[in-house]
2 protein chains.
Amino acid sequence: MADIKSSGKALFLREEELRRGIELMYFAYRDFTGEADSILVEQDMGRAHHRAIYFVGRHPGMRVSDLLAILNITKQSLSRVLSTLVKDGYIVQKTGAGDRRQRLLYLTERGIALEARLTEVQGRRFAAAYRNAGAKAVEGFQHVLQGLLDVETRSQIDRQDKSE
Amino acid sequence: MADIKSSGKALFLREEELRRGIELMYFAYRDFTGEADSILVEQDMGRAHHRAIYFVGRHPGMRVSDLLAILNITKQSLSRVLSTLVKDGYIVQKTGAGDRRQRLLYLTERGIALEARLTEVQGRRFAAAYRNAGAKAVEGFQHVLQGLLDVETRSQIDRQDKSE
DNA sequence: ATTTTATGTCAGCCATGTTGACCAATTATC
DNA sequence: GATAATTGGTCAACATGGCTGACATAAAAT
(Lines give C-alpha, C1' and ligand atoms only; values in the text may rest on other atoms or scores of the structure.)
Protein backbone atom coordinates (compact mmCIF):
# COMPACT_ATOMS: atom_id res chain seq x y z
CA MET A 1 0.00 0.00 0.00
CA ALA A 2 2.74 2.40 0.94
CA ASP A 3 4.50 1.29 -2.23
CA ILE A 4 1.58 2.02 -4.45
CA LYS A 5 1.03 5.34 -2.80
CA SER A 6 4.60 6.47 -3.09
CA SER A 7 4.96 5.28 -6.67
CA GLY A 8 1.79 7.17 -7.51
CA LYS A 9 3.20 10.21 -5.87
CA ALA A 10 6.50 9.77 -7.64
CA LEU A 11 4.74 9.54 -10.97
CA PHE A 12 2.73 12.62 -10.19
CA LEU A 13 5.82 14.56 -9.24
CA ARG A 14 7.54 13.32 -12.35
CA GLU A 15 4.78 14.52 -14.64
CA GLU A 16 4.65 17.87 -12.88
CA GLU A 17 8.39 18.18 -13.21
CA LEU A 18 8.27 17.38 -16.89
CA ARG A 19 5.49 19.87 -17.53
CA ARG A 20 7.47 22.46 -15.64
CA GLY A 21 10.36 21.86 -18.01
CA ILE A 22 8.17 22.00 -21.10
CA GLU A 23 6.63 25.28 -20.05
CA LEU A 24 9.88 26.87 -18.97
CA MET A 25 11.38 25.91 -22.27
CA TYR A 26 8.59 27.61 -24.16
CA PHE A 27 8.61 30.81 -22.15
CA ALA A 28 12.38 31.06 -21.94
CA TYR A 29 12.82 30.63 -25.67
CA ARG A 30 10.17 33.21 -26.40
CA ASP A 31 11.69 35.79 -24.09
CA PHE A 32 15.21 34.93 -25.19
CA THR A 33 14.38 35.73 -28.80
CA GLY A 34 12.11 38.67 -28.03
CA GLU A 35 14.74 41.34 -27.57
CA ALA A 36 16.60 40.46 -30.74
CA ASP A 37 13.31 40.40 -32.62
CA SER A 38 12.71 44.03 -31.64
CA ILE A 39 16.05 45.07 -33.07
CA LEU A 40 15.35 43.10 -36.21
CA VAL A 41 12.04 44.79 -36.98
CA GLU A 42 13.85 48.14 -36.91
CA GLN A 43 16.02 46.81 -39.73
CA ASP A 44 13.07 45.30 -41.60
CA MET A 45 14.34 41.83 -40.92
CA GLY A 46 13.06 38.72 -39.22
CA ARG A 47 14.45 35.84 -37.27
CA ALA A 48 15.46 34.04 -40.40
CA HIS A 49 17.85 36.86 -41.26
CA HIS A 50 19.25 36.74 -37.77
CA ARG A 51 20.03 33.07 -38.03
CA ALA A 52 21.83 33.50 -41.31
CA ILE A 53 23.87 36.41 -40.01
CA TYR A 54 24.65 34.60 -36.81
CA PHE A 55 25.98 31.42 -38.37
CA VAL A 56 27.86 33.16 -41.15
CA GLY A 57 29.52 35.27 -38.48
CA ARG A 58 30.35 32.14 -36.59
CA HIS A 59 31.76 30.31 -39.61
CA PRO A 60 33.13 32.87 -42.07
CA GLY A 61 33.63 31.44 -45.53
CA MET A 62 31.06 28.73 -45.08
CA ARG A 63 29.25 27.36 -48.10
CA VAL A 64 25.54 27.84 -48.71
CA SER A 65 25.02 24.11 -48.36
CA ASP A 66 26.70 24.17 -44.94
CA LEU A 67 24.33 26.85 -43.79
CA LEU A 68 21.41 24.87 -45.17
CA ALA A 69 22.53 21.85 -43.20
CA ILE A 70 22.77 23.82 -39.98
CA LEU A 71 19.46 25.58 -40.34
CA ASN A 72 17.67 22.54 -41.69
CA ILE A 73 15.41 24.49 -44.04
CA THR A 74 14.93 24.41 -47.80
CA LYS A 75 17.21 26.32 -50.10
CA GLN A 76 14.22 28.31 -51.32
CA SER A 77 13.56 29.56 -47.81
CA LEU A 78 17.19 30.39 -47.24
CA SER A 79 17.58 31.96 -50.65
CA ARG A 80 14.93 34.51 -49.84
CA VAL A 81 16.71 35.89 -46.77
CA LEU A 82 20.19 35.40 -48.15
CA SER A 83 19.54 37.43 -51.27
CA THR A 84 18.13 40.33 -49.27
CA LEU A 85 21.10 40.20 -46.92
CA VAL A 86 23.46 40.38 -49.89
CA LYS A 87 21.44 43.11 -51.55
CA ASP A 88 21.41 45.18 -48.35
CA GLY A 89 25.12 44.73 -47.82
CA TYR A 90 25.24 42.51 -44.73
CA ILE A 91 26.74 39.49 -46.44
CA VAL A 92 29.09 39.04 -49.39
CA GLN A 93 29.55 35.93 -51.46
CA LYS A 94 32.96 35.04 -52.81
CA THR A 95 33.49 32.36 -55.40
CA GLY A 96 35.35 29.38 -53.97
CA ALA A 97 39.04 29.24 -54.87
CA GLY A 98 39.19 25.47 -55.29
CA ASP A 99 35.63 24.79 -56.36
CA ARG A 100 34.28 27.71 -58.34
CA ARG A 101 30.66 26.59 -57.98
CA GLN A 102 30.73 27.56 -54.34
CA ARG A 103 29.59 30.96 -53.05
CA LEU A 104 31.45 31.28 -49.78
CA LEU A 105 29.67 33.48 -47.28
CA TYR A 106 31.20 36.34 -45.30
CA LEU A 107 29.79 39.15 -43.20
CA THR A 108 30.54 42.69 -44.31
CA GLU A 109 31.42 45.41 -41.80
CA ARG A 110 27.76 46.21 -41.64
CA GLY A 111 26.93 42.55 -41.08
CA ILE A 112 29.54 42.23 -38.37
CA ALA A 113 28.11 45.26 -36.60
CA LEU A 114 24.56 43.95 -36.64
CA GLU A 115 25.63 40.48 -35.59
CA ALA A 116 27.56 41.95 -32.68
CA ARG A 117 24.60 44.03 -31.60
CA LEU A 118 22.23 41.08 -31.69
CA THR A 119 24.59 38.68 -29.99
CA GLU A 120 25.35 41.25 -27.33
CA VAL A 121 21.70 41.53 -26.38
CA GLN A 122 21.22 37.80 -26.20
CA GLY A 123 24.59 37.31 -24.54
CA ARG A 124 23.68 39.82 -21.86
CA ARG A 125 20.59 37.87 -21.01
CA PHE A 126 22.56 34.66 -20.81
CA ALA A 127 25.33 36.28 -18.80
CA ALA A 128 22.82 37.52 -16.25
CA ALA A 129 21.13 34.15 -16.00
CA TYR A 130 24.47 32.37 -15.73
CA ARG A 131 25.79 34.75 -13.10
CA ASN A 132 22.66 34.37 -11.07
CA ALA A 133 22.56 30.60 -11.29
CA GLY A 134 26.22 29.81 -10.81
CA ALA A 135 28.77 27.69 -12.63
CA LYS A 136 27.38 24.35 -11.49
CA ALA A 137 23.92 25.30 -12.71
CA VAL A 138 25.31 26.36 -16.07
CA GLU A 139 26.92 22.98 -16.47
CA GLY A 140 23.65 21.29 -15.70
CA PHE A 141 21.80 23.60 -18.05
CA GLN A 142 24.07 22.74 -20.94
CA HIS A 143 23.98 19.08 -20.09
CA VAL A 144 20.20 18.94 -20.17
CA LEU A 145 19.95 21.00 -23.35
CA GLN A 146 22.33 18.61 -25.05
CA GLY A 147 20.11 15.77 -23.96
CA LEU A 148 17.13 17.40 -25.64
CA LEU A 149 18.81 17.40 -29.05
CA ASP A 150 18.12 14.94 -31.83
CA VAL A 151 21.03 12.59 -32.31
CA GLU A 152 21.66 14.09 -35.75
CA THR A 153 21.88 17.57 -34.32
CA ARG A 154 24.25 16.38 -31.63
CA SER A 155 26.66 14.78 -34.06
CA GLN A 156 26.45 17.83 -36.29
CA ILE A 157 27.47 20.07 -33.42
CA ASP A 158 30.25 17.68 -32.46
CA ARG A 159 31.59 17.78 -35.99
CA GLN A 160 31.60 21.56 -35.93
CA ASP A 161 33.37 21.69 -32.60
CA LYS A 162 36.08 19.39 -33.85
CA SER A 163 36.72 21.31 -37.05
CA GLU A 164 37.39 24.58 -35.23
CA MET B 1 50.62 42.04 -18.29
CA ALA B 2 49.51 38.77 -16.82
CA ASP B 3 46.37 40.54 -15.76
CA ILE B 4 45.60 41.79 -19.24
CA LYS B 5 46.32 38.43 -20.74
CA SER B 6 44.16 36.51 -18.31
CA SER B 7 41.32 38.98 -18.54
CA GLY B 8 41.48 38.74 -22.29
CA LYS B 9 41.37 35.01 -22.06
CA ALA B 10 38.52 35.17 -19.57
CA LEU B 11 36.57 37.43 -21.92
CA PHE B 12 37.19 35.10 -24.80
CA LEU B 13 36.05 32.11 -22.81
CA ARG B 14 33.06 34.03 -21.62
CA GLU B 15 31.96 34.95 -25.13
CA GLU B 16 32.46 31.40 -26.32
CA GLU B 17 30.45 30.14 -23.39
CA LEU B 18 27.64 32.55 -24.14
CA ARG B 19 27.56 31.63 -27.80
CA ARG B 20 27.45 28.00 -26.84
CA GLY B 21 24.38 28.73 -24.76
CA ILE B 22 22.71 30.71 -27.52
CA GLU B 23 23.26 27.97 -30.06
CA LEU B 24 22.25 25.16 -27.77
CA MET B 25 19.08 27.03 -26.96
CA TYR B 26 18.22 27.37 -30.63
CA PHE B 27 18.91 23.76 -31.54
CA ALA B 28 17.33 22.30 -28.43
CA TYR B 29 14.14 24.27 -28.88
CA ARG B 30 13.91 23.28 -32.51
CA ASP B 31 14.37 19.59 -31.80
CA PHE B 32 12.16 19.73 -28.74
CA THR B 33 9.23 21.00 -30.80
CA GLY B 34 9.98 18.91 -33.88
CA GLU B 35 8.37 15.67 -32.79
CA ALA B 36 5.16 17.30 -31.66
CA ASP B 37 5.06 19.24 -34.91
CA SER B 38 5.02 15.98 -36.86
CA ILE B 39 2.01 14.74 -34.92
CA LEU B 40 0.29 18.05 -35.44
CA VAL B 41 0.59 18.05 -39.22
CA GLU B 42 -1.19 14.68 -39.24
CA GLN B 43 -4.12 16.41 -37.57
CA ASP B 44 -3.91 19.44 -39.85
CA MET B 45 -2.82 21.60 -36.98
CA GLY B 46 0.12 23.78 -36.13
CA ARG B 47 2.05 24.83 -33.08
CA ALA B 48 -0.50 27.48 -32.25
CA HIS B 49 -3.16 24.80 -31.81
CA HIS B 50 -0.80 22.84 -29.63
CA ARG B 51 -0.23 25.77 -27.31
CA ALA B 52 -3.92 26.39 -26.90
CA ILE B 53 -4.63 22.74 -26.18
CA TYR B 54 -1.71 22.51 -23.82
CA PHE B 55 -2.64 25.46 -21.63
CA VAL B 56 -6.36 24.73 -21.62
CA GLY B 57 -5.50 21.23 -20.48
CA ARG B 58 -3.31 22.69 -17.80
CA HIS B 59 -5.89 25.18 -16.59
CA PRO B 60 -9.37 23.79 -17.29
CA GLY B 61 -12.06 26.43 -17.15
CA MET B 62 -9.71 29.28 -17.91
CA ARG B 63 -11.02 32.39 -19.62
CA VAL B 64 -10.06 33.40 -23.14
CA SER B 65 -8.36 36.49 -21.74
CA ASP B 66 -6.24 34.32 -19.42
CA LEU B 67 -5.07 32.29 -22.37
CA LEU B 68 -4.31 35.47 -24.29
CA ALA B 69 -2.22 36.73 -21.39
CA ILE B 70 -0.23 33.50 -21.24
CA LEU B 71 0.39 33.23 -24.96
CA ASN B 72 0.97 36.92 -25.43
CA ILE B 73 -0.58 37.08 -28.88
CA THR B 74 -3.51 39.06 -30.27
CA LYS B 75 -7.03 37.85 -29.83
CA GLN B 76 -7.37 37.71 -33.61
CA SER B 77 -4.55 35.20 -33.81
CA LEU B 78 -5.93 33.14 -30.98
CA SER B 79 -9.46 33.36 -32.30
CA ARG B 80 -8.41 31.66 -35.49
CA VAL B 81 -7.04 28.55 -33.81
CA LEU B 82 -9.57 28.53 -31.02
CA SER B 83 -12.52 28.49 -33.37
CA THR B 84 -11.11 25.58 -35.37
CA LEU B 85 -10.40 23.69 -32.16
CA VAL B 86 -14.00 24.21 -31.05
CA LYS B 87 -15.34 23.33 -34.48
CA ASP B 88 -13.29 20.14 -34.60
CA GLY B 89 -14.33 19.13 -31.12
CA TYR B 90 -11.10 19.47 -29.16
CA ILE B 91 -12.27 22.32 -26.94
CA VAL B 92 -15.65 23.34 -25.55
CA GLN B 93 -16.64 26.75 -24.28
CA LYS B 94 -19.01 27.07 -21.34
CA THR B 95 -20.58 30.33 -20.33
CA GLY B 96 -19.28 31.55 -16.98
CA ALA B 97 -21.64 30.94 -14.04
CA GLY B 98 -20.90 34.22 -12.28
CA ASP B 99 -20.00 36.40 -15.24
CA ARG B 100 -21.96 35.35 -18.28
CA ARG B 101 -19.69 37.23 -20.70
CA GLN B 102 -16.96 34.69 -20.11
CA ARG B 103 -16.43 31.63 -22.31
CA LEU B 104 -14.62 29.23 -20.02
CA LEU B 105 -12.43 26.79 -21.89
CA TYR B 106 -12.31 23.03 -21.41
CA LEU B 107 -10.79 20.15 -23.34
CA THR B 108 -13.14 17.49 -24.67
CA GLU B 109 -12.26 13.80 -24.50
CA ARG B 110 -10.74 14.19 -27.92
CA GLY B 111 -8.76 17.22 -26.75
CA ILE B 112 -7.55 15.42 -23.67
CA ALA B 113 -6.37 12.51 -25.80
CA LEU B 114 -4.42 14.71 -28.19
CA GLU B 115 -2.93 16.78 -25.38
CA ALA B 116 -1.80 13.60 -23.66
CA ARG B 117 -0.21 12.29 -26.82
CA LEU B 118 1.68 15.50 -27.48
CA THR B 119 2.81 15.96 -23.90
CA GLU B 120 3.90 12.36 -23.72
CA VAL B 121 6.23 12.82 -26.67
CA GLN B 122 7.76 15.98 -25.30
CA GLY B 123 7.82 14.57 -21.78
CA ARG B 124 9.68 11.50 -22.95
CA ARG B 125 12.38 13.69 -24.43
CA PHE B 126 12.66 15.66 -21.23
CA ALA B 127 12.63 12.52 -19.11
CA ALA B 128 15.50 11.06 -21.10
CA ALA B 129 17.51 14.27 -20.88
CA TYR B 130 16.79 14.59 -17.18
CA ARG B 131 17.69 10.98 -16.45
CA ASN B 132 20.91 11.31 -18.36
CA ALA B 133 21.95 14.57 -16.75
CA GLY B 134 20.95 13.85 -13.16
CA ALA B 135 18.96 15.69 -10.53
CA LYS B 136 21.55 18.36 -9.84
CA ALA B 137 21.78 19.23 -13.51
CA VAL B 138 17.99 19.46 -13.77
CA GLU B 139 17.98 21.95 -10.93
CA GLY B 140 20.60 24.02 -12.69
CA PHE B 141 18.74 23.76 -15.97
CA GLN B 142 15.57 25.13 -14.45
CA HIS B 143 17.45 27.78 -12.58
CA VAL B 144 19.11 29.11 -15.72
CA LEU B 145 15.90 28.96 -17.76
CA GLN B 146 14.15 31.00 -15.09
CA GLY B 147 16.92 33.53 -15.33
CA LEU B 148 16.31 33.87 -19.07
CA LEU B 149 12.71 34.95 -18.58
CA ASP B 150 11.44 38.49 -18.78
CA VAL B 151 10.48 39.77 -15.35
CA GLU B 152 6.84 39.96 -16.47
CA THR B 153 6.86 36.32 -17.51
CA ARG B 154 8.43 35.32 -14.22
CA SER B 155 5.82 37.07 -12.12
CA GLN B 156 3.10 35.64 -14.33
CA ILE B 157 4.37 32.12 -13.73
CA ASP B 158 4.67 32.80 -10.03
CA ARG B 159 1.07 33.95 -9.89
CA GLN B 160 -0.03 30.77 -11.63
CA ASP B 161 1.95 28.60 -9.27
CA LYS B 162 0.41 30.26 -6.27
CA SER B 163 -3.16 29.98 -7.51
CA GLU B 164 -2.96 26.21 -7.92
C1' DA C 1 30.66 13.27 -73.29
C1' DT C 2 27.74 12.62 -69.59
C1' DT C 3 26.41 12.89 -64.98
C1' DT C 4 26.52 14.91 -60.60
C1' DT C 5 27.00 18.80 -57.54
C1' DA C 6 26.33 23.59 -55.86
C1' DT C 7 23.52 27.15 -56.27
C1' DG C 8 19.79 30.09 -57.76
C1' DT C 9 15.03 31.32 -59.22
C1' DC C 10 10.02 31.43 -60.25
C1' DA C 11 5.46 30.43 -58.74
C1' DG C 12 2.24 29.24 -55.45
C1' DC C 13 0.53 27.40 -50.90
C1' DC C 14 0.03 27.40 -45.78
C1' DA C 15 0.42 28.78 -40.85
C1' DT C 16 0.67 32.25 -37.75
C1' DG C 17 1.81 36.50 -36.34
C1' DT C 18 0.35 41.69 -36.93
C1' DT C 19 -2.95 46.22 -37.18
C1' DG C 20 -7.32 48.51 -37.47
C1' DA C 21 -12.20 48.81 -37.35
C1' DC C 22 -16.31 47.46 -35.61
C1' DC C 23 -20.03 44.77 -33.00
C1' DA C 24 -22.76 42.38 -29.22
C1' DA C 25 -23.65 40.89 -24.72
C1' DT C 26 -23.03 41.66 -20.15
C1' DT C 27 -21.49 43.85 -16.04
C1' DA C 28 -20.23 47.81 -13.30
C1' DT C 29 -20.75 52.61 -12.17
C1' DC C 30 -22.64 57.32 -11.71
C1' DG D 1 -31.80 53.87 -15.55
C1' DA D 2 -28.42 55.73 -18.59
C1' DT D 3 -23.66 55.33 -19.51
C1' DA D 4 -19.20 53.29 -19.43
C1' DA D 5 -16.18 49.37 -19.20
C1' DT D 6 -15.28 44.55 -19.86
C1' DT D 7 -15.30 40.06 -22.41
C1' DG D 8 -15.27 38.13 -26.49
C1' DG D 9 -15.81 37.78 -31.43
C1' DT D 10 -15.44 39.06 -36.51
C1' DC D 11 -13.89 40.95 -41.02
C1' DA D 12 -10.21 42.55 -43.88
C1' DA D 13 -5.59 43.12 -45.16
C1' DC D 14 -0.75 42.42 -44.63
C1' DA D 15 4.13 40.27 -43.47
C1' DT D 16 7.18 36.54 -42.39
C1' DG D 17 8.98 32.34 -43.11
C1' DG D 18 8.22 27.72 -43.64
C1' DC D 19 6.93 24.32 -47.67
C1' DT D 20 6.64 21.82 -52.64
C1' DG D 21 7.61 21.49 -57.50
C1' DA D 22 9.80 22.71 -61.65
C1' DC D 23 13.49 24.43 -64.05
C1' DA D 24 18.26 26.66 -65.11
C1' DT D 25 23.31 27.28 -65.10
C1' DA D 26 27.96 26.67 -64.11
C1' DA D 27 31.48 23.81 -62.70
C1' DA D 28 33.36 19.48 -61.26
C1' DA D 29 33.71 14.57 -61.41
C1' DT D 30 33.42 10.27 -63.92
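By convention in this document, chain letters (A, B, ...) are assigned in the order of the sequence lines, proteins followed by strands, and residues within each chain are numbered from 1. Bear in mind the structure is a predicted one, so any value in this text is a computation, not a measurement.
Annotation for A:Leu104: hydrophobic cluster partners, listed by chain and number, are A:Val92, A:Tyr106 (ILVMFWY side-chain heavy atoms under 4.5 Å, direct or chained). With a 4.5 Å cut-off between side-chain heavy atoms of Ile, Leu, Val, Met, Phe, Trp and Tyr, the cluster of B:Val151 takes in none.
Here the C1' atom of nucleotide C:dA6 and the CG atom of A:Leu105 are 12 Å apart, to the nearest Å. Here the P atom of nucleotide D:dA26 and the CD atom of A:Gln102 are 17 Å apart, to the nearest Å. Regarding A:Gln43, its CD atom lies at a distance of 14 Å from the P atom of D:dT16, rounded to whole Å. The separation between A:Lys87 atom NZ and C:dG8 atom C1' is 16 Å, rounded to whole Å. Atom CE in B:Met62 sits roughly 15 Å away from atom C1' in D:dG8 (whole-Å rounding). Protein atom CZ of A:Arg103 is 18 Å distant from nucleotide atom P of C:dT5, rounded to whole Å. Rounded to an integer number of Å, the gap from A:His50 NE2 to D:dG17 P is 12 Å.
Every residue two or more places apart in sequence or in another chain that forms a side-chain hydrogen bond (donor to acceptor under 3.5 Å, both in side chains) with B:Ser77 is listed here: B:Thr74. Listed by chain and residue number, A:Arg20, A:Leu24, B:Arg154 satisfy the side-chain contact (heavy atoms from CB on, under 4.5 Å) test with B:Gln146 (two or more places apart in sequence, or in another chain). In this view, B:Asp37 and B:Arg47 satisfy the side-chain hydrogen bond (donor to acceptor under 3.5 Å, both in side chains) rule, not counting sequence neighbours. Evaluation of the side-chain hydrogen bond (donor to acceptor under 3.5 Å, both in side chains) rule for A:Gln102 yields no partner, not counting sequence neighbours. In this view, B:Arg110 and B:Tyr90, B:Thr108 satisfy the side-chain contact (heavy atoms from CB on, under 4.5 Å) rule, not counting sequence neighbours.
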Next item on the list: If a protein heavy atom is under 4.0 Å from the base, mark B; if only from the sugar-phosphate, S; if neither, -; do that for nucleotides 14-23 of chain C going 5' to 3'.
Entry: -SBBBBBB--
Identify each donor-acceptor pair in which a side-chain atom of residues 120-127 of chain B lies under 3.5 Å from a protein atom, sequence neighbours left out, and give them as a table.
| unit_1 | atom_1 | unit_2 | atom_2 | d |
| --- | --- | --- | --- | --- |
| B:Glu120 | OE2 | B:Arg124 | NH1 | 3.4 |
| B:Glu120 | OE2 | B:Arg124 | NH2 | 2.4 |
| B:Gln122 | NE2 | B:Phe32 | O | 3.4 |
| B:Arg125 | NE | B:Glu35 | OE1 | 3.2 |
| B:Arg125 | NH1 | A:Leu148 | O | 2.6 |
| B:Arg125 | NH1 | A:Asp150 | OD1 | 2.9 |
| B:Arg125 | NH2 | A:Asp150 | OD1 | 2.9 |
| B:Arg125 | NH2 | B:Glu35 | OE1 | 2.9 |

Extract all donor-acceptor atom pairs below 3.5 Å that involve side chains of residues 78-89 of chain B and protein atoms in other chains or at least two apart in sequence.
| unit_1 | atom_1 | unit_2 | atom_2 | d |
| --- | --- | --- | --- | --- |
| B:Ser83 | OG | B:Ser79 | O | 2.8 |
| B:Ser83 | OG | B:Arg80 | O | 3.0 |
| B:Thr84 | OG1 | B:His49 | NE2 | 3.3 |
| B:Thr84 | OG1 | B:Val81 | O | 2.9 |

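Taking every heavy atom of residues 33-41 of chain B and every atom of DNA chain D, no pair lies under 4.0 Å. Using a 4.0 Å cut-off on heavy atoms, the residues of residues 93-101 of chain B that approach DNA chain D are B:Gln93, B:Arg101, listed by number.
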Notebook entry, point to check: Taking it one step at a time, do B:Ile157 and A:Glu23 satisfy side-chain contact (heavy atoms from CB on, under 4.5 Å)?
Noted result: CA-CA 10 Å; B:Ile157 291 178; A:Glu23 290 169 29; over 6 Å; no
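Taking a 6.0 Å sphere around CD of A:Glu42, one finds it holds more than 12 heavy atoms contributed by other residues, nucleotides or ligands.
Applying the 4.0 Å criterion to OP1 and OP2 of C:dT7, one finds that A:Ser65 has a side-chain N or O inside that range. A:Ser79 has a side-chain polar atom (N or O) that falls below the 4.0 Å cut-off from OP1 or OP2 of C:dT9.
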